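Below is one structure, written out as structure tokens; comments come after it.
Every value quoted in this text rests on a predicted model; they were computed, and no experiment measured them.
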Amino acid sequence: MEPVLSELLSIRQKIIDSLQRAAVRAQKSGKLPQVPLSRVSVERPQKPEHGDYATSFPLKLARAAGLKPLAIAEIITGLIPGNPDIANIAVAPPGFINFTFSNEWLTHQVDNILSAGDTYGNIELGKGKRVQIEFVSVNPTGPLHVGHGRGAILGSALASVLNIAGFAVEKEYYINDTGNQIGAFSRSLFARYQQSLGIDAEMPTEGYFGNYMIELAKEIKDEKGDSFINLPQPEAESQVGKIGLAKMISRIKQDLELLGVNFDVWFSEKSLYDNGQYSKVMSMLNKGGHLTDKESATWFVSTALGEDKDNVVVRSDGSATYFATDIAYHYNKFVERKFEQVIDIWGADHQGHVSRMKAVVNAIGIDPEMLEVIISQMVTLRRGGELVRLSKRSGDIITLREVMDEVGVDACRFFFLARSADSQMDFDMELAKKESQDNPVYYVQYAYARIASILRLAKERKISFYNGDVSLLATEPELSLIRKMLILPEIVELAANTLEPHHLTYYAQDIATAFHSFYKQCRVVSDDEPLCKARLKLVASAKLVLAKTLRLMGMTTPETM
RNA sequence: GUCCCUGUAGCUCAGCUGGACAGAGCAGCUGCCUUCUAAGCAGCGGGUCGAGCGUUCGAAUCGCUCCAGGGACGCCA
């Protein structure tokens with residue numbers, strides 16, 4: 001599908017170009033001294049009276065040029081040729097130039113949005129660049145909790161944004177299916193399995209004590225009977241562990257699907273050993289002089305790359321650390337699969353891992369800039385103000401599943417998405433439920449449902465509006481709504497550039513506000529047939545914009561509420 | 001001790017690639033349902049943007065120093 005070039009982004013570029021050319025022309029004619037011209041940028045003014053776009057270019061130029069900013073603004077403005085799309089170009093103190101779209105251009109965008117349809121909001125920022133985004137990647141040794149939910153929602157929304165921003169995105173879940181914790185998991189599960197058969201088995205001290213392990217063991221007992229107790233213990237642990245692991249993974253998959261999160265690839269850590277890539281990258285690092293042996297273990301010499309300490313990659317017992325397989329994994333991403341950009345979303349507890357991972361990426365000859373790590377900060381779960389522990393190893397936790405069941409998937413997604421990954425968040429379930437009446441989630445969806453209701457009525461009355469004349473849209477609420485709808489491509493651009501999908505939630509509320517206000521002030525289905533048709537076009541285009549935004553956030557679009 | 005994140009209205013948070021009098025939701029207070037959904041609209045009140053210094057024509061935004069909260073510093077992942 002070929003993305004439709006955004007009219008908004010192209011008119012923005014035209015404004016920038018016209019400013020640039022006017023400045024050059026001013027210099028040629030001697031009105032402006034020959035000083036280096038910085039790159040012109042335009043921004044969106046906060047106040048509507050300052051127009052649709054504004055530049056502070058004259059202010060930036062003033063010092064070097066030795067002229068008053070206002071004078072420069074006047075000179076440049078005088079040299080910008082007329083454009084029917086721009087109704088007004090105004091100079092404002094202390095030296096801004098403000099541009100206001102013409103109503104003709106604005107209203108025409110309604111038709112543009114309608115013809116773009118589902119592709120409205122798509123931009124060509126990524127130019128097909130191959131991006132891998134890896135997130136969640138929770139050890140399959142326990143159920144997902146709310147912190148994982150946050151990462152999952154962040155990752156899936158970011159992937160959607162990057163996708164419509166023109167990147168070739170691949171979503172991946174890295175399954176830690178080998179190593180220490182899997183061993184502990186298997187031993188714990190086998191102990192629980194024996195217990196479920198009435199055998200007095202002892203849980204390993206490093207084991208997983210959550211109730212889900214007891215249920216899991218019982219499930220295996222019910223399905224497979226007592227056949228495993230006759231095997232030698234290591235064999236039995238391994239087999240029971242394998243079954244348990246598969247069950248855990250499928251449970252995680254189900255929870256994520258319920259949350260509206262899915263992956264293109266489920267990548268097995270174990271496969272890195274099976275296909276030899278782990279040994280390959282280790283010998284590569286060794287050849288590069290990045291490894292050293294001391295205290296009978298093998299270390300990655302990160303101090304040589306500016307880190308404050310070295311890190312073990314192979315333990316004295318010969319087993320690989322988590323860091324070591326992560327090196328192989330990133331080698332696989334960059335070298336074997338040739339991703340041009342890799343985004344990892346990790347929890348706050350992995351924050352110390354970032355710089356050594358970048359160092360190692362550098363050591364295997366990859367520009368560390370190609371690896372982008374987003375740290376999603378902690379979620380503190382509360383219930384009526386009381387703190388709920390999140391530790392996976394100790395007993396009972398509130399799972400993501402329970403939270404989803406209690407507050408609803410849409411609300412979950414919106415709440416988690418509404419905060420930037422950088423800030424810790426308190427998630428009080430009682431509050432989330434209590435506030436659900438006056439929730440921003442419903443506010444946005446309600447706007448959508450109202451739109452659907454209008455279009456239903458129009459259909460009932462058999463009003464066809466394909467030939468509506470959008471130039472009849474002239475009142476303030478109508479034009480404000482159009483202006484808000486136009487921003488979507490810029491929001492997509494912003495979210496993709498900063499990797500911050502939380503902007504979407506604020507945009508969604510903005511557009512809902514503009515619509516609710518329009519709805520209150522402008523009757524759509526009426527006897528004034530030409531106006532009715534024009535407004536139906538506006539409403540239909542608003543539906544597209546709202547649907548697109550909600551879908552990007554992974555939320556549902558209810559036709560009625 | 002070192003490193004990372006955060007500190008903006010009573011509460012939860014946007015804004016932070018410097019720009020025009022600091023924003024939203026919730027909570028509080030006023031009004032508005034004979035017409036497409038009042039889960040809505042219109043309005044009011046509420047902030048020394050943690051503190052200080054600096055850079056700049058201009059700082060919530062950049063730099064430095066403090067203070068406070070959270071997290072990380074394992075041959076765990």
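- Taking a pair as Watson-Crick or G-U with both hydrogen-bonding distances under 3.5 Å, the stems of three or more pairs touching RNA chain B are B:1-7 with B:67-73, B:10-13 with B:23-26, B:28-32 with B:40-44, B:50-54 with B:62-66.
- For the OP1/OP2 pair of B:U35 and a distance below 4.0 Å, the side-chain nitrogens and oxygens of A:Y519 include no atom meeting the criterion.
- Ring centroids of A:Y329 and A:Y174 are separated by less than 6.0 Å, placing the two rings close together.
- The side chain of A:N497 contributes no N or O atom lying less than 4.0 Å from OP1 or OP2 of B:U17.
- In this structure A:K537 satisfies the salt bridge (Lys or Arg N to Asp or Glu O under 4.0 Å) test together with A:D111, sequence neighbours excluded.
- Glycosidic torsion of B:C41 falls outside 90° of 0, placing the base in anti.
- Remark: the separation of the C1' atoms in B:A22 and B:G58 is 15 Å, to the nearest Å.
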Nucleic acid footprint by protein, nucleotides 54-64 of chain B - heavy-atom cut-off 4.0 Å, B for base, S for sugar-phosphate alone: ---B-------
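- The side chain to side chain contact (heavy atoms under 4.5 Å, CB included) search around A:R251 returns A:Y212, A:L216, A:E219, not counting sequence neighbours.
- One finds no side-chain N or O of A:S355 lying less than 4.0 angstrom from the OP1 or OP2 phosphate oxygen of B:A72.
- Every residue two or more places apart in sequence or in another chain that forms a side chain to side chain contact (heavy atoms under 4.5 Å, CB included) with A:A64 is listed here: A:V35.
- Under the rule for a salt bridge (Lys or Arg N to Asp or Glu O under 4.0 Å), A:E269 has no partner lying at least two apart in sequence or in another chain.
- For A:K47 and B:G23, the shortest distance from a side-chain N or O to OP1 or OP2 is below 4.0 Å.
- Contact annotation: A:H350 does not reach the phosphate of B:C4 (side-chain N/O to OP1 or OP2, under 4.0 Å).
- Between B:A42 and A:S517, a contact under 4.0 Å exists linking OP1 or OP2 to a side-chain N or O.
- Aromatic ring centres of A:F135 and A:F263: separated by under 6.0 Å.
- Screening residues 60-76 of chain A for side chain to side chain donor-acceptor pair (under 3.5 Å) gives A:S56-A:K60 as the qualifying pairs, with residues at least two apart or on separate chains.
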Output side-chain donor-acceptor pairs under 3.5 Å for residues 519-526 of chain A, partner residues at least two apart or in another chain, one line each.
unit_1	atom_1	unit_2	atom_2	d
A:Q521	NE2	A:S517	O	3.3
A:Q521	NE2	A:S517	OG	2.9
A:R523	NE	A:V525	O	2.9
A:R523	NH2	A:V525	O	3.3
A:S526	OG	A:D528	N	3.4

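- At a non-hydrogen distance threshold of 4.0 Å, A:I454, A:L457 from residues 454-461 of chain A come into contact with RNA chain B.
- Considering only residues two or more places apart in sequence or on other chains, A:S41 meets the side chain to side chain contact (heavy atoms under 4.5 Å, CB included) condition with none of them.
- Residues that satisfy the salt bridge (Lys or Arg N to Asp or Glu O under 4.0 Å) test with A:R356, not counting sequence neighbours, are absent from this structure.
- Contacts of A:L400 classified as side chain to side chain contact (heavy atoms under 4.5 Å, CB included), with partners at least two apart in sequence or in another chain: A:L144, A:L259, A:M404.
- Note on A:R419: every side-chain N or O is 4.0 Å or more away from OP1 and OP2 of B:U6.
- Phosphate proximity of B:A77 to A:R315: present, with a side-chain N or O under 4.0 Å from OP1 or OP2.
- Contact check, A:N176 against B:A77: no side-chain N or O comes under 4.0 Å of OP1 or OP2.
- Residue-nucleotide stacking is not present for A:Y443 and B:A39, judged by a side-chain ring centre under 5.5 Å from the six-membered base ring centre and planes under 30° apart.
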